[in-house]
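Below: one structure, written as structure tokens.
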Amino acid sequence: MPSSSPEAELRVAEEQQSREAGSVFRRKTAEKSAANLISARRRSGVIWMALISIVALLILRTNNDPWEIILVEFGTIGSLVAFGACFLQKLDRTLKGAIVGLLSCLIPWALDPFWRSFNYGNGTEILALCSLAWAGVALSIFANRPRVLGLSVVASGFLTLFTTFISDQQYAASISYLWGILCLWWLVANQWELVESCQASHISRTPLRWYGVVVGVAVFTLAVVISYNRIPILKKLEAGFMPSSGGSKWTDVAARSGVGSGDVLVAAKNHAMTFGAVDTDFFLDSPKQSLFDVFTEEFGEPSAKKEIGMAQALSSDDVRTEDGKFAEANRSSGSEFSTQRDSPRLKSKPSDLYSDALMFWKGAPGIRLAVDRYHDFDGVTWKKNESQLDSKPSKAVQVEDVTWFKEDKRVVRSSVGPFVGTASEALKFTRYRSTFVPTRLGLQLWSIDMLDRADFFEITKDDSMLMPRRSHVPDYTVIRFINSQTDLQRLEKLVANCAPGKPHLQTSDSCKDLIAEMAHEFAGNHERSWTQVSRMMAKLREKYQLDNSIAIDEDDPVAEFLQTGKGPSYMFATVGALMLEHMGYKTRLARGFYVSSRNYVEGEYAILNNNAHFWIELNVGHDYWVPLEPSPGYQQPRYHATLAYRMYQARFTILFFLIGLVVTGAFAFRFRFFLFEGVCRLGWLVASMLSDRKRLRWLVAVLDMRFSFAGQKRPVGLLLRKQIGSLGLDASKIGSDAKLLLNEADKLWYGGAKQLSPEGRQALKHLWLSLSVFEIRSNTLEKAELPTAV
Amino acid sequence: MIQTQATNETAEAIGHLRTRLNRVLLGKEDRIEFVIACLLSGGHLLLDDLPGLGKTTLAKAIAECFGAKFARIQCTPDLLPTDVTGFKLFNQKTREFEFHPGPIFSDILLGDELNRTTPRTQSALFEAMAERQVTVDGDTKKLSSTFFVIATQNPIDNHGAYPLPEAQLDRFSMKLEIGYPSEEAQLAILSKNHLKAPQEDEKQLSLATLEGLQDRVEEIHIDEKVQRYLIALCEATRSHESIALGVSPRGMLIWQQVAKAWALLLDRDFVTPDDIQAVALPVLIARLVTRVSDPKSVIETILSDVEVPTYR
């Protein structure tokens with residue numbers, strides 16, 4: 001059906017224009033001026049504000065996340081935004097902004113599970129703040145309307161102020177000041193003229209938009225419904241969004257429901273100061289196991305003696321009470337540890353971290369908390385060295401009106417220790433049944449609120465801490481620690497200069513040779529050094545398999561372990577210690593708990609029975625010991641090192657990486673056209689399965705890239721037909737195919753055709769595969785050479 | 001089948017027209033294409049060029065092609081509006097006023113050196129060009145449905161000239177410069193080979209044919225993507241810093257119409273972005289008021305800056 005004549009349309013346009021001349025002109029002018037308002041100055045100000053909010057967020061994130069994670073995450077998103085801003089010219093600005101903004105918002109959520117596998121990760125609210133921050137950046141760069149640009153200002157402002165309020169960093173406030181100054185400048189620079197032009201005489205009243213009111217009321221009502229938990233399913237939306245909301249199962253394994261539900265089992269969880277007041281009947285009669293039972297449950301009972309050489313009747317006086325037996329069992333089990341053990345009983349997976357936890361650790365995960373240490377090994381049983389069991393009371397010191405305790409300084413220790421820095425950590429005991437306080441190496445100070453008696457603690461010579469004259473550490477006791485970290489640089493120096501230790505570990509003759517062979521094989525060509533130790537531990541972890549459920553009941557547990565190639569962690573520690581001793585290192589076996597990141601409970605880590613663990617401690621001289629992890633499946637102890645030192649250590653790796661990068665980059669650059677054409681040919685396999693329209697769309701993208709590679713980037717306003725025509729290929733098959741295809745493409749795109757003809761498809765394939773970068777370059781060169789040739 | 005037949009007839013008619021016009025205006029094939037596009041789009045043509053380049057010959061040739069009534073006005077400062085539109089004269093016999101139509105009541109009107117006449121007379125053409133009707137003493141009289149104005153103006157010798165106002169310029173579909181012919185064309189002009197009579201088997205076109213072609217232009221399809229591209233170009237002219245007055249909605253409609261005619265000339269029944277670009281220069285140069293001396297470069301800049309849809 002023919003449309004109306006242009007004259008009639010002209011008349012209509014004129015009449016309408018004359019009727020609404022004034023208002024249309026004003027509206028047009030306003031729209032035009034609004035579009036022009038996003039000047040470079042206006043946009044750059046908003047981008048700066050958004051970047052400041054990113055800095056504020058970065059400062060907040062540094063409280064919990066290491067720089068590596070922050071760099072990877074921010075670098076990824078920043079690169080994405082930069083890529084979107086600098087490239088993707090073909091995409092519409094709004095579409096580009098939507099894609100980049102959405103991806104930027106999603107990346108923190110996508111990376112979080114990955115970080116969690118490394119024992120990091122953030123709460124939902126932090127992820128939401130990250131999304132908001134990057135959405136603000138994307139809006140500032142890709143906004144095409146002043147109103148949208150204003151949204152970015154709101155987002156960055158909220159984020160900057162909010163993160164400043166919740167940040168622990170003192171200098172975080174300066175970020176807010178900076179943002180405020182920039183915002184003030186931006187407002188004055190960009191809005192002042194608008195404010196002046198909007199004087200009273202020019203104000204036009206905008207009628208209340210009914211749909212805005214309806215949407216507002218609906219949103220408000222929904223918010224009320226959600227906040228009052230009227231609809232159970234909506235309750236899940238709220239859970240996990242804020243720290244006070246009780247969390248969700250994903251973010252917090254202990255979470256069950258919302259705010260104030262009373263599900264928190266331990267009322268004094270966070271700020272418990274109780275010391276001794278919980279010795280009620282309930283706790284005294286608690287059926288929970290002792291420390292001995294904890295290890296027995298995890299690693300099995302010590303194997304019973306198979307043969308009794310001699311029996312002797314006991315008098316009635318010698319018959320001890322059950323309690324006495326229990327105490328003796330505890331003591332004997334504490335002074336030795338047999339590697340001959342039965343399989344542990346089947347354990348059910350703990351579902352309730354609160355109820356089953358022995359204690360809670362506030363600090364970084366992956367830490368080993370030693371209860372006690374064993375020094376001598378007779379081939380089957382580890383025993384404590386009596387000389388190391390002597391203990392001395394701790395010493396109290398006052399720091400800012402708080403009583404802290406510390407170990408009486410030992411004479412042998414010098415200032416050249418492997419420990420540097422301080423970290424604040426804490427333990428809260430709930431079901432722990434031992435007088436030994438689990439501590440980690442590098443302990444400097446510890447305290448209990450409201451407690452100033454140093455005689456409550458004793459430190460043995462082998463660095464174990466205990467609370468004497470008690471059956472166990474009282475439940476709900478919170479001990480705060482100031483611990484130091486092991487410095488890698490110092491550690492390496494100490495190990496290199498450490499004198500060889502005296503042998504104190506025994507094993508069967510058959511194992512000795514094997515252990516020696518293994519030790520040399522694992523040590524490789526390395527000299528006596530920390531690298532040698534690390535390599536031996538790494539090889540041990542690599543070659544053998546961890547199996548805590550296995551029974552070690554042969555006469556020679558070490559031989560059995562070496563033969564079967566698998567065993568519990570104490571066998572790894574035993575074999576590791578034997579190897580190290582063979583190489584001249586002094587070691588000891590540490591028994592305690594491994595703080596697993598899997599047991600994360602609202603900022604703390606629950607320590608359960610199954611976190612019982614054995615590892616090695618290496619003597620590095622001056623009576624300093626550092627932990628080593630011989631068992632696979634456990635995170636390596638963290639050694640602190642400056643970035644410069646780590647880079648120095650990895651200098652050869654970095655060098656090879658850089659060389660590889662340069663070589664690969666040079667290779668890729670030299671053969672970039674071949675690589676690209678190869679990818680294009682592979683792409684055809686996919687493209688051939690697409691519809692004609694999509695295939696055509698892809699072809700245009702491919703051709704545009706080829707022209708770009710050939711140094712003939714197509715201007716946005718130049719038709720593809722003209723670009724291909726400029727190659728002067730009209731007489732060739734490519735030229736005729738291009739003409740045929742573009743005619744058909746026009747028909748398909750603008751003429752209502754449904755699909756390409758078979759000839760058109762053939763031409764498309766020919767262009768895809770034949771109009772390569774080389775073809776374009778050769779024709780360009782020919783054309784360029786023409787004038788001189790003529 | 002019917003459609004194919006109609007298409008064949010259209011192509012045949014356009015081919016005849018093209019041949020005839022190329023025969024009288026030698027070596028100007030590209031200009032002839034624009035003239036035909038302007039004619040088929042139902043618009044009006046402004047020739048901005050020096051005297052003696054074949055403007056009148058071209059107008060006459062168009063009229064001859066279609067057997068149309070041709071009229072010519074030599075615009076001078078003393079030309080009155082009634083000299084253009086006609087006037088009423090009292091008839092003593094019938095005792096009534098009789099209308100004596102002016103040259104505007106023709107099919108093809110050549111307004112030579114339009115900028116020489118006064119604005120008052122120029123404005124007499126406004127209504128005729130826009131609505132194809134004139135009003136004389138309150139009586140509105142319809143003009144030919146194929147009414148086509150070819151106006152010329154001399155770009156030099158501006159003394160005593162009245163530049164055409166923007167409103168009138170906007171009523172022309174396009175402005176063309178014919179330019180001097182090539183050496184070969186001039187040789188042919190001198191030998192007068194081109195003036196030989198039409199061959200006997202050459203088909204004579206009629207005004208009905210022209211009307212049919214103009215109706216065919218109306219049926220040309222234009223996709224929304226192309227329309228959006230056209231709008232983007234128009235918006236670009238309105239916000240460009242070198243342009244004082246951009247394309248009006250009327251200009252945009254005319255641009256679309258000329259692009260449709262261009263698509264028809266290329267034997268297509270739909271418009272592509274190529275068509276929009278192809279006619280952009282003559283259409284825009286007629287109506288853009290630029291702040292620079294070289295409007296062509298501004299138009300080229302706009303065409304290269306606005307993203308053209310490419311099958312995405």
Side-chain angles (χ1 to χ4, degrees), chain A residues 1-14 16-17 24 28-29 31-36 89-93 95 692-701 703-704 714-725 741-753 756 764, chain B residues 41-43 129-133 145 170-171 173 214-226 229 232-233 235-236 238-239 246 248-254 256-258 260 263 266 268-278 300-312:
Chain A
M1 182 178 173
S3 59
S4 57
S5 68
E7 284 76 15
E9 290 172 6
L10 284 175
R11 274 200 299 276
V12 171
E14 280 177 358
Q16 192 173 353
Q17 191 171 0
V24 169
K28 286 276 179 189
T29 309
E31 285 174 3
K32 194 173 170 182
S33 61
N36 291 334
Q89 302 290 348
K90 298 289 176 192
L91 284 182
D92 175 61
R93 193 181 190 93
L95 180 65
D692 285 341
R693 277 177 176 265
K694 286 182 180 169
R695 216 182 303 172
L696 197 58
R697 195 178 294 163
W698 279 40
L699 175 68
V700 173
L703 290 181
D704 277 345
R714 185 169 66 88
V716 290
L718 184 65
L719 289 156
L720 186 62
R721 184 190 295 275
K722 289 182 180 171
Q723 179 88 341
I724 296 176
L741 175 66
L742 293 174
N743 285 341
E744 290 220 7
D746 280 342
K747 202 177 286 183
L748 181 69
W749 225 257
Y750 311 115
L756 296 174
L764 191 151
Chain B
S41 71
M129 290 172 70
E131 300 175 34
R132 287 192 162 79
Q133 65 180 26
S145 60
D170 204 26
R171 283 168 167 77
S173 290
Q214 289 178 342
D215 288 344
R216 187 81 184 83
V217 168
E218 293 293 339
E219 293 168 8
I220 297 290
H221 170 72
I222 180 162
D223 191 80
E224 190 187 324
K225 292 185 278 294
V226 183
Y229 175 54
L233 286 170
E235 288 286 345
R238 292 163 197 163
S239 59
S248 65
R250 172 170 48 203
M252 188 169 68
L253 275 170
I254 289 173
Q256 174 178 291
Q257 200 68 10
V258 175
K260 283 182 174 181
L266 295 175
R268 260 194 278 107
D269 57 359
F270 56 91
V271 180
T272 67
D274 208 355
D275 301 326
I276 300 288
Q277 287 194 356
E300 283 167 3
T301 308
I302 288 171
L303 288 177
S304 63
D305 286 351
V306 175
E307 187 174 355
V308 65
T310 45
Y311 320 125
R312 290 195 182 185

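Here is the naming used below: chain letters follow the sequence lines, and residue numbers restart at 1 for every chain.
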Is it the side chain or the backbone of [X] that comes within 4.5 Å of chain B heavy atoms, both, or neither?
X        : value
A:Leu718 : backbone
A:Leu699 : neither
A:Lys747 : both

- Query: Which atoms form the tightest heavy-atom contact between B:Ser304 and A:Pro715, and what is the distance?
  - Reply: O-CB, 4.4 Å

- Query: For the residue pair B:Pro273 and A:Leu719, what are the closest heavy atoms and their distance?
  - Reply: CB-CD2, 3.9 Å

So what's closer than 4.5 Å to chain A heavy atoms on [X]: side chain, backbone, both or neither?
X        : result
B:Val217 : neither
B:Glu224 : neither
B:Asp305 : backbone

Quick one: [atom1] on [X] to [atom2] on [Y], what's the gap to the nearest 0.5 Å?
X        : Y        : atom1 : atom2 : result
B:Thr272 : A:Trp749 : OG1   : CH2   : 14.5 Å
B:Phe270 : A:Leu748 : CZ    : CG    : 9.5 Å
B:Tyr311 : A:Leu703 : OH    : CG    : 10.5 Å

- Message: Tell me if the NZ atom of A:Lys694 is crowded by more than 12 foreign heavy atoms within 6.0 Å.
- Response: no

- Task: Given side chain to side chain contact (heavy atoms under 4.5 Å, CB included), test B:Ile222 with A:Tyr750 step by step and report yes or no.
- Result: CA-CA 7 Å; B:Ile222 180 162; A:Tyr750 311 115; over 6 Å; no

- Item | For chain B, the option from A:Asn743, A:Leu696, A:Leu720 that forms the most heavy-atom pairs under 4.5 Å | A:Leu696

